[in-house]
Amino acid sequence: MDIELSTGRPRSVAISRVVRENIRDVTLFFRRQPDSPTAAPGQFFMVWVPDVDEIPLSASWSDDEHIGLTVRPVGEATQRLVRMRPGDYIGIRGPFGRSFSVTGDAAIVVGGGVGMAPLRPLVYALLASLKQVTVLIAARTRDELLFHDEMLRIAESDSRLRTQVATDDGSLGFHGLATDCLTALLEQQTADVIYACGPERMMYEVYRIALRHEIPIQLSLERYMKCGCGLCGSCALDPTGHLVCLDGPVFTGSTLASIVEFGKYSRDATGARIDEIR
Amino acid sequence: MDIELSTGRPRSVAISRVVRENIRDVTLFFRRQPDSPTAAPGQFFMVWVPDVDEIPLSASWSDDEHIGLTVRPVGEATQRLVRMRPGDYIGIRGPFGRSFSVTGDAAIVVGGGVGMAPLRPLVYALLASLKQVTVLIAARTRDELLFHDEMLRIAESDSRLRTQVATDDGSLGFHGLATDCLTALLEQQTADVIYACGPERMMYEVYRIALRHEIPIQLSLERYMKCGCGLCGSCALDPTGHLVCLDGPVFTGSTLASIVEFGKYSRDATGARIDEIR
Amino acid sequence: MEIKGYWLASGILGVTASVLRRVHESGADVVVTKSIGPVPRVGHPGPICTSSHGGLINAVGLTNPGIDAFLDELHRLGEWGVPFVLSVFGRSPQEAASVASRGVEAKPLAIELNLSCPHAEIGQVAHDPDLTFQYVRAVKDAVDCPVFAKLTPNASDITSVGRAAERAGADAVVAINTVRAMRIDIVQRRPILGNLVGGLSGPPVFPIAVRAVYDLYASLSVPIIGVGGVTTWQDAVEMHLAGASAIEIGTGVLSGLDVFSRVREGVMTYVQETGFSDIADIVGLAQRR
Amino acid sequence: MEIKGYWLASGILGVTASVLRRVHESGADVVVTKSIGPVPRVGHPGPICTSSHGGLINAVGLTNPGIDAFLDELHRLGEWGVPFVLSVFGRSPQEAASVASRGVEAKPLAIELNLSCPHAEIGQVAHDPDLTFQYVRAVKDAVDCPVFAKLTPNASDITSVGRAAERAGADAVVAINTVRAMRIDIVQRRPILGNLVGGLSGPPVFPIAVRAVYDLYASLSVPIIGVGGVTTWQDAVEMHLAGASAIEIGTGVLSGLDVFSRVREGVMTYVQETGFSDIADIVGLAQRR
Ligand SMILES: Cc1cc2nc3c(=O)[nH]c(=O)nc-3n(C[C@H](O)[C@H](O)[C@H](O)COP(=O)(O)OP(=O)(O)OC[C@H]3O[C@@H](n4cnc5c(N)ncnc54)[C@H](O)[C@@H]3O)c2cc1C
Ligand SMILES: Cc1cc2nc3c(=O)[nH]c(=O)nc-3n(C[C@H](O)[C@H](O)[C@H](O)COP(=O)(O)OP(=O)(O)OC[C@H]3O[C@@H](n4cnc5c(N)ncnc54)[C@H](O)[C@@H]3O)c2cc1C
Ligand SMILES: Cc1cc2nc3c(=O)[nH]c(=O)nc-3n(C[C@H](O)[C@H](O)[C@H](O)COP(=O)(O)O)c2cc1C
Ligand SMILES: Cc1cc2nc3c(=O)[nH]c(=O)nc-3n(C[C@H](O)[C@H](O)[C@H](O)COP(=O)(O)O)c2cc1C
Ligand code: FES
Ligand code: FES
């Protein structure tokens, strides 16, 4: 048993670069410690925000030299993070969890809001494996689209990537929910795998659409996490006891079929059930 | 720092065979644990004698399968050991210490009493490296000679080994001390290295003889040992602070030249100086 | 209940029925729940854990949804037939007793009274024999099922505390909880854990636990439930020989949920190969001599 | 004396002047002797040490030749100009004081009062603030040099004991001594150490020591000498940040006698690279926040 490996110790890293992605989200970069592994698409870090808390954040960027985390401010920890400047310190444990697996030949990738964070490296991984990829970026409004410009730029030079936008307010692309856009998309094209990350309500609908079309899916779930490494149990799913931190955060449709709480309820910081999903 | 490696934990092994070597000494064999190293000639083990104590004993036999310890009963722990039967347990830590190094072309090996224990594997190592070896086995009386028959047997088939015996009472071989025998020997033949183990009084004389003849020597010293691994300090030598367990037990003549207590005094179990050497 | 086998220790994964069932199905004979208090409790801010020189330090801070919400989980465990022990804590003997008496509705095999969390304010109970006596007595008076007292290695004299628990009617003692510890980040120059200090568990505390179990076995007549740093069957054999009738495993689940069956199988093989007929036969054997 | 630098901890190699000089020449700023009592003492039968899960357990049992014989060694240290602290113990405050007052003949930099060996009969002193006060006061009254009180992590409340030592006039406190522990041989089914129980040291106890130093620094005004599990410069920085002015290294010598200079150089580089001018500047920095 290697506790150093499975749990780790928060290691302080200085923010090297801060990139504002849209009116809400900010990407923080730091140098990867040479002796720590790179993060595969879908893996996450436990991020120590000094004086506040430690929270899970997906790697939105991971190469030999740098790691990037894209943060949406929703509470104290994330607000503190998006205000950070180069030179400020955060602590990092990880990467943790199971990554997306690259399968099939034609993929649809559905990202809602900051859910695009783990999907960004996935798109690169899919293209590197010579797949056809349609990425559907959804947000409430055009100013909140994440990684849209970057995806457009890739698509310009790589015809295997197609981009599609959906905004709730119709300010760009499809006017409506990501799920309605996906349904429309599946009338024009087919796919042999769907990847999604975003609000659970959205993912639950994506799951049902995929089920209807009999397309395999992989979704990245969120649950409250205290340890990130299979100790505390706060991220356990009913009724199987799957742990989001260890067995996820990426789950396949067939696993999700056995998770009764998926799309229905989750738990708060005390472990109490709350009939609320994000 | 690997405490498992440097200090170890006594591991219980069952005695597999007991061989009476002469009227005093007994060799105990046990199976080597597959994950523990073999002992080089001159290395020793800390041997836990249950209910009594843990004492240092040299490996007199070490191959892939077995380790042998040759014991002379002098007090409670050693008396308990020589009464052991196959199936009885002892605990083993080690091997510890620096071994003899095989050098030169013609060696003289001088063993006094149970001092032959670490020299037995040395003789084999020297012969394996194609050296000329003269082994001088000394004891108070012929019934106390250690490994004499074995050395004779080797010498029968390997002309590079010559054996010589000295007994205090003249019951076999040279009548007199090992050191007088050595002096006589050096009148007939030369050597480019001398190895010795035995009572310190003997070794001190051997050291002086070698000095006089300008022959390099390696001696295996004994001092009271509690830890065997450089922690407790009970085996430290004046005035350099060399540790017999870690820097020895085998020392070269040039190191011994700086040890004022060599041949003069040692320390008892409390660390107090005693003007007595064995 | 019979005190034997390999149990999940309190606080590791123990906050929902689902995961406790999974741990049981993966091989734990009995699962001990997270320590539950009277009301919901968020616990300490993160980081709540860090590794340290081969061990783990945690300061979860008794995060729990409170006994009312937790009863749902307990009832589910009951429906599923998962053998469980309910761990409880309280800021006073009365509070602990009231949590326990609500909890026994769900028919736990036993109540484990956590008197010993080194990083929550209730940590000091099991330092004091008198206070320990009061807690154990209050809970014993309130419930019909067996009551276990969980002790801390941070007490000057764990055997006095164990004897006080026994006098008060504890049906077993559990030793040990985590050892007071702390890590400091040398870049930011501040303690790592949100709660600053925490409790050490895992392999480093194993010999501390063995010693506590050995000492307790020598001075108590109730069974000892050993816990602390067990990750292999060799560790478990050692803990049994020291005097543990049953063994709880916490941090060891990081090596996989099959740790319980791996340990059980190893111990059973040991017991057979050494000519004993039952694990119970080796309990406390290191005490002869 | 100035309380700073990297010292050899008591009981490791510290029984003769020769080896203490060697340790000093290998890089230890100050060497602390083995704890010395009034009369020769053989200590416990072997085995006196065993490894355990990354740590070391010892039960040497205060082996020492007694202060009379040891004075020769101390005088030699003096002649050789080796900076040394004399560690002493006694079965009563008077006995400890008498050993100390004999010892000061040899002009040690300070007396370190071992109140805390967990495997010898004197182990219980530093569990009790009153007893600690009496010992420290008796030794302070008997000698002119600084007196350090060495504390045990096995006490329920190490800071109360530390405060008692400070009130009695201790010039510094040393924390920590070893942690109560035991290993059992599963083949022979008996405790391994000749003394059955021993004290855990080395990396596993590091976070226990950090926590003790941190807590003591927060409640005392005398300097803290940190000891326990330090083997790297990172450990040492952490210990300084917790509040240690000087650091003793014991088990860490197993990694080589150059451990003192390796640690010192690492800490100095750290201090420079982080913009401080002296190691003293980082002592206790983790306490802000
Ligand atoms: C595997 C995983 C990957 C994630 N990746 C990203 C990402 O890349 N970018 C991003 O912006 N967000 C991500 N999140 C969500 C992010 O962790 C939460 O937004 C963050 O924890 C909120 O903390 P806060 O203090 O800012 O808000 P709070 O005020 O504490 O809470 C706001 C919301 O966040 C939830 N939350 C709080 N703490 C946690 C926690 N420790 N674990 C899970 N949820 C929590 C609360 O339940 C609440 O719904 C991810 C979550 C998970 C589980
Ligand atoms: C490196 C080394 C290798 C040795 N190899 C052998 C060997 O191969 N065969 C053999 O018979 N003997 C060997 N000895 C000597 C052996 O260790 C002692 O004879 C033994 O320790 C005596 O223990 P006892 O309880 O029988 O006697 P005791 O009554 O305890 O003492 C008898 C004598 O042995 C010395 N002694 C006791 N304990 C120790 C100890 N822990 N370390 C060193 N000396 C001690 C005492 O000082 C005394 O002089 C070796 C010693 C050393 C240091
Ligand atoms: C993350 C974590 C949470 C814990 N929570 C509790 C708890 O709520 N109640 C309790 O009695 N012990 C708790 N403990 C202590 C464990 O039950 C156990 O006594 C200790 O960890 C030593 O065992 P181990 O080394 O097998 O983990 C917790 C330990 C850990 C690591
Ligand atoms: C073999 C050994 C002997 C010790 N003897 C003493 C002693 O005589 N007096 C004392 O105060 N501490 C003694 N100690 C405790 C150490 O001085 C130190 O407090 C403890 O080992 C923790 O530090 P470390 O982890 O750096 O070894 C001894 C420790 C060991 C390992
Ligand atoms: S976050 Fe702790 S078990 Fe998953
Ligand atoms: S025997 Fe302990 S240092 Fe050599």
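Below, read A as the first sequence line, B as the second, and so on, with proteins coming before strands; counting in each chain starts at 1.
- Put simply, the side chain of A:Leu243 reaches to within 4.5 Å of the side chain of C:Leu13, judged on heavy atoms.
- By a heavy-atom distance cut of under 4.5 Å, A:Ile3, A:Glu4, A:Ser6, A:Thr7, A:Gly8, A:Arg9, A:Pro10, A:Ser12 are the residues of residues 2-12 of chain A near chain C, going up by number.
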| request: Give the intermediate values and the outcome of side-chain contact (heavy atoms from CB on, under 4.5 Å) for residues C:Val259 and A:Met1. | output: CA-CA 10 Å; C:Val259 63; A:Met1 185 178 58; over 6 Å; no
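- Between chain C and the residues A:Arg273, A:Met46, A:Arg93, the largest count of heavy-atom pairs under 4.5 Å involves A:Arg93.
- Of all heavy-atom pairs spanning A:Asp51 and C:Arg190, the tightest one is OD1-NH1, 2.7 Å.
- By the salt bridge (Lys or Arg N to Asp or Glu O under 4.0 Å) test, A:Asp25 is found to be paired with A:Arg72, residues two or more places apart in sequence or in another chain being considered.
- The backbone N or O of C:Pro45 sits nowhere less than 3.5 Å from a side-chain atom of A:Asp53 that would complete a donor-acceptor pair.
- Heavy atoms only, all atoms of each residue included: C:Pro47 and A:Trp48 are closest at CD-CD1, 3.2 Å.
- At a threshold of 4.5 Å between non-hydrogen side-chain atoms, the residues C:Leu56 and A:Leu231 count as touching.
- Of all heavy-atom pairs between C:Thr63 and A:Thr270, the closest is CG2-CA, 3.9 Å.
- Residue A:Pro239 comes nearest to C:Ser18 through the heavy atom pair CA-OG, 3.2 Å, listed as atom of the first residue, atom of the second, then distance.
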Could you tabulate the donor-acceptor pairs under 3.5 Å formed by side-chain atoms of residues 69-78 of chain C, not counting sequence neighbours?
unit_1	atom_1	unit_2	atom_2	d
C:Glu73	OE1	C:Ala17	N	2.8
C:Glu73	OE2	A:Arg267	NH1	2.9
C:Glu73	OE2	A:Arg267	NH2	3.1

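- Of the listed residues (C:Leu257, C:Ile192, C:Thr231), the greatest number of heavy-atom pairs within a distance under 4.5 Å of chain A belongs to C:Ile192.
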Report, one line per pair, each donor and acceptor closer than 3.5 Å where one atom sits in a side chain of residues 23-33 of chain C; sequence neighbours left out.
unit_1	atom_1	unit_2	atom_2	d
C:His24	ND1	C:Ala28	O	2.8
C:Ser26	OG	C:Arg22	O	2.7
C:Asp29	OD1	C:Arg264	NH2	3.0
C:Asp29	OD2	C:Tyr6	N	2.8
C:Asp29	OD2	C:Arg264	NH2	3.2
C:Thr33	OG1	C:Ser87	N	3.0

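- Chosen from A:Ala236, A:Cys232, A:Gly230, the residue pairing most often with chain C at heavy-atom distances under 4.5 Å is A:Cys232.
- Between chain A and the residues C:Ile48, C:Leu254, C:Thr16, the largest count of heavy-atom pairs under 4.5 Å involves C:Leu254.
- Both the backbone and the side chain of C:Thr251 come within less than 4.5 Å of a heavy atom in chain A.
- Residues C:Val15 and A:Gly233 come closest through the heavy atom pair CG2-O, 3.4 Å.
- When all heavy atoms of C:Gln188 and A:Gly91 are compared, the closest pair comes out as NE2-N, 4.3 Å.
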